[in-house]
Amino acid sequence: QLQLVESGGGLVQPGGSLRLSCAASGYNVDYYAIGWFRQAPGKEREGISCISSTDGSTYYADPVKGRFTISRDNAKNTVLLQMNSLKPDATAIYYCAATFRYCSSQARDVRSWGQGTQVTVSS
């Protein structure tokens with residue numbers, strides 16, 4: 001079982017940037033793809049980005065393409081999500097999530113969840 005801890009959320013103005021971090025620990029941590037989901041009030045939890053454990057391939061949902069960048073530091077077992085040009089509709093709780101080997105945008109494939117970090121985009 002993996003343990004995931006998110007950090008880096010906060011309040012930012014529209015057009016600003018934030019960098020989220022997900023620290024992973026546990027058995028065979030390198031066998032898991034680490035992704036990010038977000039959930040806005042009244043909305044379903046949606047997958048927005050992921051990085052594979054096999055070849056480092058990445059996935060981005062359409063709403064964040066060109067503005068978000070995911071990366072993985074294997075030495076630290078940490079996944080980063082750089083978020084640029086933030087819009088108010090990005091306001092949500094962001095969760096990191098682990099799936100076995102390959103990326104998935106489906107919550108049912110998630111093996112472990114972090115506790116979430118709040119991102120608020122507002123003037």
Side-chain angles (χ1 to χ4, degrees):
Q1 186 177 6
L2 292 180
Q3 295 78 48
L4 305 175
V5 180
E6 306 98 329
S7 62
L11 175 64
V12 64
Q13 293 186 347
S17 298
L18 284 174
R19 191 174 193 173
L20 304 183
S21 177
C22 176
S25 61
Y27 186 67
N28 287 334
V29 62
D30 292 341
Y31 289 176
Y32 291 85
I34 305 296
W36 291 90
F37 289 69
R38 68 184 180 187
Q39 188 165 22
K43 304 290 186 179
E44 294 185 354
R45 190 171 298 186
E46 61 174 343
I48 57 171
S49 189
C50 184
I51 185 164
S52 173
S53 67
T54 56
D55 59 2
S57 60
T58 57
Y59 162 83
Y60 299 97
D62 286 341
V64 307
K65 285 182 179 178
R67 299 186 296 112
F68 290 12
T69 303
I70 192 168
S71 61
R72 187 166 189 164
D73 185 341
N74 290 328
K76 297 181 178 180
N77 293 324
T78 300
V79 172
L80 304 176
L81 185 68
Q82 179 67 44
M83 307 187 297
N84 298 326
S85 301
L86 285 165
K87 301 176 181 179
D89 62 8
T91 296
I93 300 174
Y94 285 71
Y95 302 88
C96 62
T99 55
F100 190 64
R101 291 189 179 273
Y102 306 105
C103 287
S104 175
S105 62
Q106 296 181 316
R108 66 179 176 86
D109 292 329
V110 174
R111 303 291 188 91
S112 297
W113 293 98
Q115 292 300 304
T117 185
Q118 177 71 48
V119 172
T120 302
V121 184
S122 176
S123 298

message: Which residues pass the side chain to side chain donor-acceptor pair (under 3.5 Å) test with Thr54, not counting sequence neighbours?
response: Ser52

message: Please say yes or no: joined through hydrophobic side-chain contacts below 4.5 Å, possibly via intermediate residues, are Met83 and Val64 part of one cluster?
response: yes

task: Report yes if the side chains of Leu80 and Gln82 come closer than 4.5 Å at any heavy-atom pair, otherwise no.
output: no

- request: Could you pull out the closest heavy-atom pair between Ala90 and Leu86, with the gap in Å?
  value: CB-CD2, 4.0 Å

- prompt: Which ring pair (Phe, Tyr, Trp, His ring centres under 6.0 Å) pairs, counting each pair once, include a residue from residues 75-123, with sequence neighbours left out?
  reply: Tyr32-Phe100, Phe37-Trp113

- prompt: Does the side chain of Arg72 reach to within under 4.5 Å of the side chain of Ser53, using non-hydrogen atoms?
  reply: yes

query: Got a sec, which pairs hit ring pair (Phe, Tyr, Trp, His ring centres under 6.0 Å) with one end in residues 66-86, sequence neighbours left out?
result: none

message: Please enumerate all residues that pass side chain to side chain donor-acceptor pair (under 3.5 Å) together with Asp55, with sequence neighbours excluded.
response: Ser57

message: Contact between Val79 and Leu20 at the side-chain level, heavy atoms closer than 4.5 Å - yes or no?
response: no

field: Taking every non-hydrogen atom, the tightest pair across Ala98 and Leu4
entry: N-CD1, 3.7 Å

message: Is there a continuous path of hydrophobic side-chain contacts, each under 4.5 Å between heavy atoms, that joins Ile34 to Tyr60?
response: yes

query: In terms of hydrophobic clustering (I, L, V, M, F, W, Y; side-chain heavy atoms under 4.5 Å; direct or indirect links), are Trp36 and Val12 co-clustered?
result: yes

message: Does any part of the side chain of Leu81, heavy atoms only, come nearer than 4.5 Å to the side chain of Thr69, both counted from C-beta?
response: no

- prompt: Are side-chain heavy atoms of Glu46 and Arg38 found at a separation under 4.5 Å?
  reply: yes

- line: For residues 8-75, the disulfide (SG to SG under 2.5 Å) pairs (sequence neighbours left out) are Cys22-Cys96, Cys50-Cys103

- prompt: So Gln3 and Val5, side-chain contact (heavy atoms from CB on, under 4.5 Å) or not? Walk me through it.
  reply: CA-CA 7 Å; Gln3 295 78 48; Val5 180; 5.7 Å; no

- prompt: Looking just at side-chain N and O atoms, do Ser17 and Asn84 make a donor-acceptor pair shorter than 3.5 Å?
  reply: yes

message: Are Ser104 and Thr99 packed together at the side-chain level, in the sense that at least one heavy-atom pair is separated by less than 4.5 angstrom?
response: yes

task: Answer yes or no: is there a donor N or O on one side and an acceptor on the other, between the side chain of Arg67 and the main chain of Ser85, under 3.5 Å?
output: yes

Validation: residues 115-123 side-chain donor-acceptor distances under 3.5 Å, sequence neighbours left out:
residue: Thr117; atom: OG1; partner: Gly9; partner atom: N; Å: 3.2
residue: Gln118; atom: NE2; partner: Ala92; partner atom: O; Å: 3.4
residue: Gln118; atom: NE2; partner: Thr120; partner atom: OG1; Å: 3.4

